[in-house]
Amino acid sequence: MSQGDAWPYLLSSCLPPYRPSHPLPRMPEGPELHLASLYVNEACKGLVFAGCVEKSPVSRNPEVPFESSAYCISSSARGKELRLTLSPLPGSQPPQEPLALVFRFGMSGSFQLAPRDALPAHAHLRFYTAPPGPPLALCFVDIRRFGHWDLGGEWQPGRGPCVLLEYEQFRENVLRNLADKVFDQPICEALLDQRFFNGIGNYLRAEILYRLRIPPFEKARKILEELQQRRPSPELTLSQKIRAKLQNPDLLELCHSVPKEVVQLGGKGYGPEHGEEDFAAFRAWLQCYGVPGMSSLRDRRGRTIWFQGDPGPLAPKGGKSRKKKSKGAQQGPEHRLEDPLVPSTAPSRTRGTPRDPPGQSTAQQPEGTSLQQDPGVPPVPGKGKRRRRPATSGHRRPRRIKADTPSLDNEGTAAS
């Protein structure tokens with residue numbers, strides 16, 4: 001199929017893309033990265049790209065030093081990372097080796113194939129197609145700018161095997177390292193450690209624990225040590241062993257099968273014009289996360305965990321469990337889904353808050369997180385004391401403003 005012939009096919013089958021433009025109750029986790037990779041491969045099939053890779057001036061991510069007269073794009077995913085490979089075609093100029101980029105989506109990253117003259121907002125990295133076909137651009141779109149890409153194509157060091165694609169290695173990695181101090185933590189917090197649970201995030205941990213009726217604040221090691229002793233009876237046939245696993249999966253098996261269920265839901269996107277059915281399918285699939293009647297608590301990282309029943313012995317002291325109200329009930333801020341929605345174009349500003357320096361956006365602040373937590377949502381800051389407004393006396397004392405100290409940009413080591 002030529003590039004020109006592929007255009008109607010791409011319009012009908014690939015657009016709209018897999019992009020969470022509709023407010024979602026979740027951040028990109030393993031299934032979303034996997035679906036995004038499938039989308040890129042399908043959308044770019046038969047397309048030829050050319051020229052420079054263009055980065056938006058507001059992005060803090062590195063420039064992509066790649067230019068070719070003709071190249072193709074392919075993708076693969078592992079856990080919460082996606083690898084994009086730019087492969088020059090035979091005879092293209094200048095002669096060069098393929099270049100790979102590894103993306104972490106942060107809170108709102110996605111890929112979108114769009115007409116070149118109608119680029120989506122917040123398209124921070126753009127790959128343009130070559131003539132004679134219709135001018136298109138594959139864009140990395142990231143509204144909140146927590147997403148990141150690295151040159152070189154290497155998966156981030158320290159991440160464990162993918163729960164979706166490397167199940168046997170994932171299981172062995174967890175059970176072999178139960179002496180690690182992370183397993184002293186509640187199971188709900190340990191499940192976000194990307195060294196062991198690469199691809200699991202906030203909505204997945206809630207769904208997995210709920211299905212097994214495991215209290216979220218039970219000690220992780222206690223739960224997982226039981227799996228070391230679990231051995232199928234040698235008298236069972238292979239089909240009986242498989243049936244037993246399907247009927248009574250353990251925690252690690254659900255870390256593999258539950259994300260697969262989300263992938264099987266599929267969907268081309270969650271945009272309001274085309275994605276309502278896809279969003280409704282995901283919402284109907286949820287059994288615990290944000291479901292009316294479920295309780296919630298914040299863990300030590302400030303992330304909300306949804307559950308039913310007893311939270312467990314390691315629940316935060318003084319933590320107030322809240323129940324999700326039914327759809328018809330009025331919801332206050334404390335009952336809304338924890339994951340932030342897409343921000344408005346003109347966010348409100350708290351009175352007295354200093355404005356950002358020119359060229360700096362609050363959405364660009366690095367997450368400051370490590371592989372030992374899932375940073376889909378930055379930690380919730382503690383409540384500070386409200387300062388009393390001084391009495392007006394004609395002249396106001398000028399406020400002392402501390403100089404902005406640039407923080408280290410550790411997005412490169414954050415697990416997005």
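Computation of the quantities below employed the complete heavy-atom set of this structure, encompassing side-chain atoms and omitting hydrogens, waters and symmetry-equivalent molecules.
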### Tyr167 side chain to Cys255 backbone, donor-acceptor under 3.5 Å
no

### Message
What I'd like to find out is whether the side chain of Asp299 reaches to under 4.5 Å of the side chain of Pro186, using heavy atoms alone.
### Response
no

### Query
What pairs with His122 under side-chain hydrogen bond (donor to acceptor under 3.5 Å, both in side chains), at least two apart in sequence or on another chain?
none

### Query
What closest approach, in Å, do Pro120 and Val141 show between heavy atoms, and which atom pair accounts for it?
CG-CG2, 3.7 Å

### Task
Report the distance from atom CD of Glu81 to atom NE2 of His148, rounding to the nearest 0.5 Å.
10.5 Å

### Query
Considering all heavy atoms of both residues, which atom of Ala179 and which atom of Arg221 are nearest to each other, and what is their separation?
O-NH2, 3.6 Å

### Task
Enter the distance from Gln308:CD to Arg213:CZ here, rounded to the nearest 0.5 Å.
6.0 Å

#### Entry: Under 3.5 Å donor-acceptor, Asn173 side chain and Arg195 backbone
yes

### Query
Who pairs with Glu166 by side-chain hydrogen bond (donor to acceptor under 3.5 Å, both in side chains), at least two apart in sequence or on another chain?
Arg78

### Task
Could you check whether the rings of Phe183 and Phe196 sit parallel, tilted or perpendicular, using 30° and 60° as the cut-offs?
tilted

### Message
Assess the residue pair Leu125 and Asn61 against the criterion (side-chain contact (heavy atoms from CB on, under 4.5 Å)); give the C-alpha distance rounded to whole Å, side-chain angles, the decisive distance to 0.1 Å, and a yes or no.
### Response
CA-CA 9 Å; Leu125 199 63; Asn61 284 304; over 6 Å; no

### Message
Side chains of Leu86 and Ser68, heavy atoms from C-beta outward: is any pair under 4.5 Å?
### Response
no

### Message
Contact between Val53 and Tyr71 at the side-chain level, heavy atoms closer than 4.5 Å - yes or no?
### Response
yes

### Task
Would you sort out whether Val64 and Lys55 count as a side-chain contact (heavy atoms from CB on, under 4.5 Å), showing the intermediate values?
CA-CA 8 Å; Val64 179; Lys55 182 179 80 74; over 6 Å; no

### Task
Find the distance between NZ (Lys222) and CD1 (Ile187) and round it off to the nearest 0.5 Å.
12.0 Å

### Query
Any idea how Phe103 and Phe111 line up, ring-wise: parallel (<30°), tilted (30 to 60°), or perpendicular (>60°)?
perpendicular

### Task
Give a yes or no answer on whether the side chain of Glu29 reaches the backbone of Gly201 with a donor-acceptor pair at less than 3.5 Å.
yes

### Message
Just verifying a value: how many Å separate Ile214 CD1 and Ile208 CD1, rounded to the nearest 0.5 Å?
### Response
9.5 Å

### Query
Are Phe66 and Phe49 near enough that their ring centres are under 6.0 Å apart?
no

### Task
Could you tell me whether the side chain of Arg83 and the main chain of Ser76 form a donor-acceptor pair under 3.5 Å?
no

### Message
For the backbone of Val182 and the side chain of Glu189, can you confirm whether one donor and one acceptor N or O come within less than 3.5 Å of each other?
### Response
no

### Summary
Note: His124 and Ser56 closest approach over all heavy atoms is ND1-OG, 2.8 Å

### Task
Apply side-chain contact (heavy atoms from CB on, under 4.5 Å) to Arg301 and Leu192, showing your working.
CA-CA 10 Å; Arg301 304 279 187 180; Leu192 298 185; 5.9 Å; no

### Query
Taking the inter-plane angle between the rings of Phe197 and Phe170 on a 0 to 90° scale, is it parallel (under 30°), tilted (30 to 60°) or perpendicular (over 60°)?
perpendicular

### Task
Assess whether side-chain contact (heavy atoms from CB on, under 4.5 Å) is satisfied between Leu33 and Arg104, documenting all intermediate values.
CA-CA 9 Å; Leu33 272 291; Arg104 290 180 287 280; over 6 Å; no

### Task
Give a yes or no on whether the ring-centroid distance for Tyr210 and Tyr289 is below 6.0 angstrom.
no

### Expected output: side-chain Glu207 to main-chain Gln287 donor-acceptor under 3.5 Å
yes

### Task
Compare all side-chain heavy atoms of Phe105 with those of Lys80 and state whether any distance is below 4.5 angstrom.
no

### Query
Okay, side chain of Glu253, backbone of Asp250: is any donor-acceptor separation there less than 3.5 Å?
yes

### Task
Check whether any side-chain heavy atom of Leu252 sits under 4.5 Å from a side-chain heavy atom of Leu175, and report yes or no.
yes

### Message
Please give me the minimum heavy-atom distance between Ser75 and Leu84, naming the atom from each residue.
### Response
CB-CD1, 4.0 Å

#### Entry: Distance-minimising heavy-atom pair for Leu136 and Pro115
CD2-CA, 4.0 Å

### Heavy-atom side-chain proximity of Pro31 to Tyr203 below 4.5 angstrom
yes

### Query
When rounded to the nearest 0.5 angstrom, what is the spacing between CZ in Phe127 and CG in Leu47?
13.5 Å

### Query
Is it true that a side-chain atom of Gln194 and a backbone atom of Gly199 form a donor plus acceptor pair closer than 3.5 Å?
yes

### Task
Please examine the side chains of Leu82 and Leu101, heavy atoms only from C-beta on, and report whether any two atoms are closer than 4.5 Å.
no

### Message
Under a 3.5 Å distance rule, please check whether Ser296 uses its side chain to pair with a backbone N or O of Thr304 as donor and acceptor.
### Response
no

### Arg116: partners by side-chain hydrogen bond (donor to acceptor under 3.5 Å, both in side chains), with sequence neighbours left out
none

### Query
Roughly how far apart are Ile305 CD1 and Arg298 CZ, rounded to 0.5 Å?
12.0 Å

### Query
Can you find a heavy atom in the side chain of Val163 that is under 4.5 Å from one in the side chain of Leu204?
no

#### Entry: Any donor-acceptor pair under 3.5 Å from Asn41 side chain to Lys45 backbone
no

### Summary
Nearest heavy-atom contact between Ala50 and Ala130 is CB-CB, 3.5 Å

